[in-house]
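Everything on this sheet refers to the single structure shown next.
Just so it is clear, the structure is predicted and the values come from calculations on it, not from any experiment. Labels below follow one simple rule: chain letters A, B, ... track the order of the sequence lines, proteins then strands, and each chain is numbered from 1.
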Amino acid sequence: MQMPTPIRAPTWVSRRRHFEQKLWDLDKCKDINQLKQMQTLVYKSHLQQDPFIAPKLISAFSNCRQIGSALKVFEQAGESNSNVRLYNALIRAYVCNFQALKGFETFLNMQCAGIFPDNFTFSFLLKGCSGKCCLSLVSMIHTHVVKWGFEDDIYVPNSLIDAYSKCGVVGVRAAGKLFRGMKERDVVSWNSMVGALLKAGDLSEARKVFDEMPERDRVSWNTMLDGYTKAEQMSVAFELFKNMPQRDVVSWSTMVSGYCKAGDLEMARMLFDKMPSKNLISWTIMISGYAEKGLVNEAIELYVQMEETGLRLDVAAFVSILAACAESGMLSLGKRVHDTVERSMYKCNTLVCNALIDMYAKCGSLHKAYKVFNGLKKRDLVSWNAMIHGLGMHGRGKKALELFFKMKQEGFVPDKVTLVGILCACNHTGLVDEGIIYFYSMEKDYGVIPEVEHYGCLIDLLGRGGYVREAFELARKMPLEPNVKIWGSLLGACRMHKAVELADDVRDLLVKLEPKNAGKLSALSNIYASAGDWDNVANIRLMMKSIGRPKQSGASLLQLNDEYREFTVMDKSHVKSDKIYQMVDGLGQHLKLLSPVPASHCDE
DNA sequence: CTAGGGTTAG
């Protein structure tokens, strides 16, 4: 009689099962050490040329940001393996790791190798175009799409619409043409088209398309909602919000963000408190909203509350809140955030550290900024720019220039932001000659064509250095339209050097500005008025008169969140006039404290 | 026995 053997597979079988299971989930592996172990196993089992395993390995390495290893896997997969998936995986790896160019190169190599692209290839390639404004590239890919016959695979034209939408107004037109020509459209096609029109700022056309949609999902409503909030049409946005068939956390967050940007922090907070569920993004929006507007107590209180919920901040949350602190000079919250960064996994993250450097620099805490900068292992151009600009704007021009040389020594190529920092540094340190030299050689030396900011720095520099006439001359001759800051610095220079004989130049410049920027002079006059700087108020009124602007009795335009509102003296018509007067008063105090002479206008 | 792609808030 035979005993039944226990049903138990030999060990090697179960091991193999286990191994296979792991192979199937290879691309979901997030741990780099585990992944390397898996790779060893794959190679030992001679599976590195397997048409399914190899692409998975590439994806896995790509997800772990190990693009070098991904490439190695690709190369070792062998040419015998003429596999679209392999190429697709490599293209995606490049594109997802910010090497879009290499992705396109791979696409070309693939065709040279005689391998036909498929629908996935194009989706990946198009993703590589995002963030860049490269219409010619997108339309080139479009041509390939048509050539290979993938224009009816719904994913591909949808990706195309999205890619086109990031190429400015012309791109959006191309997107519209493609959209109208599509055989069938799904809800994503419609949503992408609405999003494209909104990106181009065409709110009414977007709404038209939105109304035409055969079916709308959450994304459709949220996209349209965001369009209205970005345009600061909060009442329309609220109407839409009320009428939405369903509201998710994105809808609520969009509204909170919209009210924050519109400056209505109370309404924002009310909605924030009413949200049925909050996530990291919602908290980030509300805290940044408070921080940006300088509401210290509210911002800190909410930040502490968020930490108490146990939410872990990610890179975007850190960067957003720190940027808001930088904007309003909110050092107290900035420091708190820094504490959190130190305890997080992002204390060596370049993006986060750059935000810290910028925050400390803008808050005037140069020592701390420098400490973060020095401790940063992987500095990029932004790190250098933030530090140089920070030093420069606080009168440490020599140190800024030193850093500039060091940065070049280390092989970084200065960009336009660097040069603003350098000119700013020269300006705030009285290095007039150096500033002039840098300005006039920046195109030759660094290939940077001067923009308004650069002109602004130089004009400020000239004016402060006593070359008032030259400053005016430059403002008049510059190929770009002078902005309010340039105006301010010219006025400052006039006052500083008692140059009243420049009326003609002033008029010339005003002609250049008018009539498009009618409100700006008044806005400026208002700022000086709040600062109690009556000399400049008188100056501006004189200028306004000199170009025959009709005198408006005591009315002035005050810029509030990019919108000009008209006020007359002691106007109480506006619902929030109390708040506004308070704010203007506060602004005046600030200006008095900060600038005996009108502040430099090349910062920011 | 297989994977992989497109749209919304910071």
*asked:* Using a 6.0 Å cut-off, check whether atom CD of A/Glu184 has over 12 heavy atoms from anything other than its own residue.
replied: no
*Report the distance from atom CG of A/Leu311 to atom P of B/dG10, rounded to the nearest whole Å.*
17 Å
_Using a 4.0 Å heavy-atom cut-off, does A/Asp314 contact any base of the nucleic acid, only the sugar-phosphate backbone, or nothing at all?_
base
*asked:* Given B/dG10, B/dA9, B/dT8, identify the nucleotide with an atom nearest to the side chain of A/Ser320.
replied: B/dG10
*Mark yes or no for a side-chain to base donor-acceptor pair under 3.5 Å between A/Asn279 and B/dA9, with no hydrogen or angle criteria applied.*
yes
*May I ask you to say what A/Phe124 touches in the nucleic acid, namely base, sugar-phosphate or nothing, with a heavy-atom cut-off under 4.0 Å?*
sugar-phosphate
*Does atom CZ of A/Arg336 have more than 12 heavy-atom neighbours, drawn from other residues, nucleotides or ligands, at distances under 6.0 Å?*
no
*Have a look at A/Ser288 and say if it touches a base, only the backbone sugar-phosphate, or nothing, with a 4.0 Å heavy-atom cut-off.*
nothing
*Please walk me through it: do A/Arg269 and A/Asp273 pass salt bridge (charged side-chain N to carboxylate O under 4.0 Å, His left out)?*
CA-CA 6 Å; A/Arg269 181 55 186 266; A/Asp273 288 337; 3.0 Å; yes
_Categorize A/Asp162 for me: base, sugar-phosphate, or nothing, with a 4.0 angstrom heavy-atom threshold over every strand shown._
sugar-phosphate
*Looking only at side-chain N and O atoms, does A/Lys230 come under 4.0 Å of OP1 or OP2 in B/dG10?*
yes
_Heavy atoms from C-beta onward define the side chain here; which of B/dG10, B/dT7, B/dT2 lies closest to that of A/Phe52?_
B/dT2
*Taking the six-membered ring of A/Trp384, is the NZ or CZ of A/Arg379 close enough (under 6.0 Å from the centre) and on axis enough (within 45°)?*
yes
